[in-house]
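Taking it in order: structure first as C-alpha cells, then the write-up.
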Amino acid sequence: MLKKKIVFLLGPTGIGKSAVAISLAKKINAQIISCDSMQVYRKMDILTWKVTSGQRKKVKHHLLGMIDPEQEYNVAKYRKAALSICDKLFSKGKIPLFVGGTGLYYSIIVDGLFSAVPQDKLIRAKLEKQLKLKGNKYLYRRLAKVDSAAAAKIHSNDARRIIRALEVYLKTGMRISQLQKNRAGLGKEYEVKIFGLNSKRQSLYDAIDQRVDKMFNLGLINEVKRLVKHKLSRTAKCAIGIRELKGYFAGQYSLAEGKRLMQRASRHYAKRQLTWFRKDKRIQWVSINKSQSPTQVALKLWKKLS
RNA sequence: GCCGAGAUAGCUCAGUGGUAGAGCGCGGCCCUGAAAAGGCCGGCGUGGGGGGUCCGAUUCCCUCUCUCGGCA
C-alpha cells in the first residue's frame with residue numbers, strides 16, 4: 001500500500017517560501033495549508049504578507065484569513081483545522097503541502113499535542129492576579145511543589161509557561177510534565193518530507209528590511225489604522241507591526257522609527273525561527289540565494305521528493 | 001592659523017591612579033492551548049599613535065594625528 005504523503009516547507013520569515021510553495025504544489029498536485037499563526041487572521045493582509053488572490057487562484061490555500069482579529073487563536077484550534085483539511089485532501093488524492101514559519105504549529109502537526117487540557121479562564125485569571133501581586137518567583141515555587149519536573153524545565157521568569165503548567169495541574173490534578181510525554185504525531189502511515197529554506201544571514205536580513213519597506217508602499221499604515229479600531233484579541237495584536245505602529249500613531253516616535261522597530265522585530269523573529277528549526281534534524285535544508293527563481297528552487301525540492 | 005571640546009565594545013556613551021562598564025545592536029539557546037508571543041545566556045576591547053611621571057596609567061603631564069564646535 002502506498003503511504004500518504006505530506007510535505008512541509010519551512011523557513012524564516014522573508015525567505016520566500018510562498019512563491020516556491022506554489023510552484024512546487026503545481027508539480028506534485030498539492031494544495032497548500034498555511035502554517036502561520038498570524039496569517040489565519042482577516043484584515044491583516046499586508047501586515048502578515050499573505051499571498052495575493054492571484055496566487056491563490058493558481059493553487060488552493062487553506063487556513064488563510066478565516067478568523068476575525070477580535071478572536072483568539074491557538075495551537076489546538078490550528079491542529080484540529082489543519083488535520084481535517086489533510087483528510088479532505090487525501091480523499092481527493094491531493095497532497096497536503098504545509099507552508100509557514102510557526103515552529104510550534106509545525107511541531108504540533110508532526111509530533112502531536114498532549115491530551116486535551118484547554119485553557120481555563122477562571123484559573124488563569126487567578127494565577128495572573130497572583131503573578132501581579134506576588135511575582136513570578138512565588139508562582140514558580142508553587143509549581144515546583146506540585147510538579148518539580150516541569151519546574152526544572154521552565155525558567156523562573158517564564159511566567160507564561162509557569163501559569164500554563166499550574167493551570168493544567170489545578171484543573172486536572174495531573175502534571176503537565178507527565179502529560180507532555182503523551183503525544184501522537186503523524187505516525188507511520190504517512191510519508192513525511194520536511195524541507196527548510198535558508199540563506200546567508202545578511203541576505204535574509206536585507207530581504208526582511210526590504211519587505212517591510214514594501215509593506216509601507218502597499219498601504220500598511222491604512223490597513224493597521226483600520227485594524228486597530230477593532231478590539232484585537234490578545235493573539236492577533238501580537239503580529240509584528242501593530243505595537244510598533246501604535247507607538248507612531250500615538251506620537252511617541254516618527255514613522256521612520258516605527259518602521260525601524262518593525263524591521264528589527266522581524267529580524268529577531270527570523271532569528272528565533274532559525275533556532276527552533278535548526279535543532280530539528282528531520283528538516284532537509286535547501287540554501288537559496290537571490291539569483292535563483294522560485295521555480296528553480298521548487299524544481300530542486302521536487303527532485304528530492306522522488 | 002588660533003581657542004575650546006573630544007578620541008574607550010559594531011553604535012551611542014559612562015567611569016576609574018591598581019589593565020574597564022551600560023544601553024542598543026549582534027550571536028547562541030529554550031519552547032506542547034498567547035508562539036510574529038514569552039523566557040534565558042554571551043563583552044580581553046592594541047581604552048587614537050608616541051613619550052614622560054609613578055611601584056603601577058585607560059585614568060595625570062607633554063607631543064603628534066584625527067573629529068566636532070567657535071573665531072579668523
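Chain A is the first sequence line, chain B the second, and so forth, proteins listed ahead of strands; every chain is numbered from 1. Computed from a prediction, not measured in an experiment: that's the story for all the values here. Below, all heavy atoms of this structure are taken into account, side chains as well, without hydrogens, waters or symmetry copies.
The distance from atom CD1 of A:Ile162 to atom P of B:U32 is 12 Å, rounded to the nearest whole Å. As rounded to whole Å, 6 Å separates atom P of B:C40 from atom NE2 of A:His155.
Under 4.0 angstrom from either OP1 or OP2 of B:G33 there lies no side-chain N or O belonging to A:Arg79. Of the side-chain N and O atoms in A:Arg201, one or more sit less than 4.0 angstrom from OP1 or OP2 of B:G28. Between B:G33 and A:Tyr78, no contact under 4.0 Å exists linking OP1 or OP2 to a side-chain N or O. Taking side-chain N and O atoms only, A:Tyr106 has no distance below 4.0 Å to OP1 or OP2 of B:C31. An OP1 or OP2 oxygen of B:A37 is reached within less than 4.0 angstrom by no side-chain nitrogen or oxygen of A:His268. One finds a side-chain N or O of A:Asn157 lying less than 4.0 angstrom from the OP1 or OP2 phosphate oxygen of B:C40. For A:Thr275, a side-chain nitrogen or oxygen approaches OP1 or OP2 of B:C29 to under 4.0 Å. Listed pair A:Arg264 / B:C26 fails the phosphate criterion, with no side-chain N or O lying under 4.0 Å from OP1 or OP2.
Under the Watson-Crick and G-U wobble criteria, each requiring two contacts below 3.5 Å, nucleotide B:G25 is left unpaired. For B:G33, there is no paired base (Watson-Crick or G-U wobble, both distances below 3.5 Å). Remark: B:C54 base-pairs with no nucleotide in the shown strands. Criterion, Watson-Crick or G-U wobble with two distances under 3.5 Å. When both pairing distances are held under 3.5 Å, B:G1 makes a Watson-Crick or G-U pair with B:C71. When both distances must be under 3.5 Å, the Watson-Crick or G-U wobble mate of B:U46 does not exist. Using the Watson-Crick or G-U wobble rule with both distances under 3.5 Å, B:A7 pairs with B:U65. With a cut-off of 3.5 Å on both pairing distances, B:U59 has no Watson-Crick or G-U wobble partner at all.
For A:Arg243, the CZ atom is loosely surrounded, since the number of other residues' heavy atoms within 6.0 Å does not exceed 12.
Residues A:Lys27 and A:Leu299 form a side-chain contact, since some pair of their non-hydrogen atoms from C-beta on lies under 4.5 Å apart. Counting heavy atoms from C-beta outward, A:Val212 and A:Ser266 have side chains that approach closer than 4.5 Å.
Here A:Glu167 lies out of heavy-atom contact (under 4.0 Å) with every strand. Counting any heavy atom pair closer than 4.0 Å across all strands shown, A:Asp36 reaches a base atom. A:Thr13 comes within 4.0 angstrom of nothing in the nucleic acid, heavy atoms only. Among the heavy atoms of the strands lying under 4.0 Å from A:Tyr205 are primed sugar atoms or P, OP1, OP2 only; no base atom is included. If you check every strand for non-hydrogen atoms under 4.0 Å, A:Leu47 touches a base. At the heavy-atom level, A:Val168 lies nowhere under 4.0 Å from the strands shown.
Closest approach to the A:Ile108 side chain among B:U32, B:G33, B:A35 is made by B:U32 (side chain taken as heavy atoms from C-beta onward). When distances are taken from the side chain of A:Leu113 to each of B:C30, B:A34, B:G33, the shortest belongs to B:G33. Of the candidate nucleotides B:C29, B:G25, B:A34, B:C29 has the atom lying nearest to any side-chain atom of A:Arg272.
Residues A:Arg260 and A:Lys153 both approach RNA chain B. Their nearest nucleotides, taken by heavy-atom distance, put A:Arg260 toward the 5′ side. Between A:Asn182 and A:Tyr73, the residue anchored nearer the 5' end of RNA chain B, judged by the nucleotide with its closest heavy atom, is A:Asn182.
Comparing B:U8 with B:G1, their P atoms sit 24 Å apart, to the nearest whole Å.
With hydrogens and angles left out, the side-chain atoms of A:His61 and A:Lys50 include no donor and acceptor closer than 3.5 Å. Counting only N and O atoms by type, the side chains of A:Ser34 and A:Asp36 include no donor and acceptor under 3.5 Å apart.
In the interface, the side chain of A:Lys271 is paired with the base of B:G28 through a donor and an acceptor atom under 3.5 Å apart. Put simply, the side chain of A:Arg161 and the base of B:A34 share no donor and acceptor less than 3.5 Å apart. With hydrogens and angles ignored, no donor-acceptor pair closer than 3.5 Å exists between the side chain of A:Arg243 and the base of B:A37.
The aromatic rings of A:Phe8 and A:Phe98 sit parallel to each other, their planes meeting at less than 30°, with 60° as the upper class boundary.
In this structure, A:Arg226 does not pair ionically with A:Glu223, as no charged nitrogen and carboxylate oxygen lie closer than 4.0 Å.
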